[in-house]
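Worksheet: one structure, shown below.
Counting from 1, the numbers follow the sequence of the chain as shown. These numbers were taken from a predicted model, which means no experiment stands behind them.
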Amino acid sequence: HTAAGRDQPGLRREDRSGESGEPMKRHVVILAKEYFGAKSIYEMILDGTKTIESRWSMHKCAPYQKVEPGDLLLLKESGRPVTACATAAKVAYYELTPSLVDELRLQYGKEIGAEDAAAWESTRDKRYGTLIWLADVHKITPIFVPRAHGAGWIIMDDDAGEARNP
């Protein structure tokens, strides 16, 4: 198996740089097998109906302040290998309040893939949010990564290509 896709074209760290000029970071984005209508989150990202990945948490954990524009996002559904990738085109971090969550839903709900207020109810209790605008989304040869043990986001170690759970 390819170690986190280092040998696939366009997936090596040195292939792209973020705005800072530093080598991009690689992140494994684990997508829950949730369905909105007839499509899963993964399918919505691949077909372009979901163009912003959102992550909400009670604590400052990845991807909050860990992902940057230019970083490579390796996309996988829970329990499956990585089968697609994207680039973080733009990133925004938020310290949340219920009213800010409402504003974000109204402004970005369609691009996040969840416009319905009921879908955002649990988000109103979260303290931190990260929005990641997705670009260059495409399928890749499957890559097997170590189990995440419940984590929804993994940052790959810089040199070894090994996963670590921040």
With respect to Leu75, which candidate in Ile140, Val28, Ile45 satisfies the side chain to side chain contact (heavy atoms under 4.5 Å, CB included) definition?
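Single side chain to side chain contact (heavy atoms under 4.5 Å, CB included) partner of Leu75 among Ile140, Val28, Ile45: Ile45.
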
Return the minimal non-hydrogen interatomic distance between [X] and [Y], and the atom names on each side.
{"X": "Ala86", "Y": "Leu134", "result": "CB-CD2, 4.3 Å"}
{"X": "Ala88", "Y": "Val67", "result": "CB-CG2, 4.2 Å"}
{"X": "Pro81", "Y": "Ile143", "result": "CB-O, 3.3 Å"}

Is it the case that the side chain of [X] and the backbone of [Y] share a donor-acceptor pair, with hydrogens and angles ignored and the cut-off at 3.5 Å?
{"X": "Ser57", "Y": "His59", "result": "yes"}
{"X": "Glu43", "Y": "Ser40", "result": "yes"}
{"X": "Lys50", "Y": "Ile52", "result": "yes"}
{"X": "Lys126", "Y": "Met58", "result": "no"}
{"X": "Thr49", "Y": "Met44", "result": "yes"}
{"X": "Asp71", "Y": "Lys25", "result": "yes"}

Taking atom types as modelled and ignoring hydrogens, do the side chains of Tyr42 and Thr83 form a donor-acceptor contact shorter than 3.5 angstrom?
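Yes - a donor-acceptor pair under 3.5 Å links their side chains.
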
Distance (rounded to the nearest 0.5 Å) between [X] [atom1] and [Y] [atom2]:
{"X": "Leu96", "Y": "Arg127", "atom1": "CG", "atom2": "CZ", "value": "10.0 Å"}
{"X": "Gln65", "Y": "Glu68", "atom1": "CD", "atom2": "CD", "value": "10.5 Å"}
{"X": "Leu131", "Y": "Lys90", "atom1": "CG", "atom2": "NZ", "value": "9.0 Å"}

[X]/[Y] ion pair, N-O < 4.0 Å:
{"X": "Asp47", "Y": "Lys39", "answer": "yes"}
{"X": "Asp102", "Y": "Arg124", "answer": "yes"}
{"X": "Arg105", "Y": "Glu103", "answer": "no"}

Could you state whether [X] and [Y] fall into the same hydrophobic cluster, counting links through intermediate Ile, Leu, Val, Met, Phe, Trp or Tyr residues with side-chain heavy atoms under 4.5 angstrom apart?
{"X": "Trp133", "Y": "Leu31", "value": "no"}
{"X": "Tyr108", "Y": "Ile41", "value": "no"}
{"X": "Leu106", "Y": "Ile112", "value": "no"}
{"X": "Trp120", "Y": "Tyr93", "value": "no"}
{"X": "Val91", "Y": "Val101", "value": "no"}

Within the structure provided, determine whether Ser54 and Thr130 are in side-chain contact (heavy-atom separation under 4.5 Å).
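No, every pair of side-chain atoms sits at 4.5 Å or beyond.
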
Residues Leu46, Lys139; criterion side chain to side chain contact (heavy atoms under 4.5 Å, CB included); working and verdict
CA-CA 8 Å; Leu46 283 179; Lys139 285 191 162 194; 3.5 Å; yes

Evaluation steps, side chain to side chain contact (heavy atoms under 4.5 Å, CB included), between Cys85 and Leu73
CA-CA 5 Å; Cys85 68; Leu73 308 175; over 6 Å; no

Only one of Tyr94, Tyr64, Trp56 forms a ring pair (Phe, Tyr, Trp, His ring centres under 6.0 Å) with Tyr128, so which one is it?
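Only match with Tyr128 under ring pair (Phe, Tyr, Trp, His ring centres under 6.0 Å): Tyr64.
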
Is the NZ atom of Lys33 crowded by more than 12 outside heavy atoms at less than 6.0 Å?
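Yes, the 6.0 Å shell around NZ holds more than 12 heavy atoms from other groups.
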
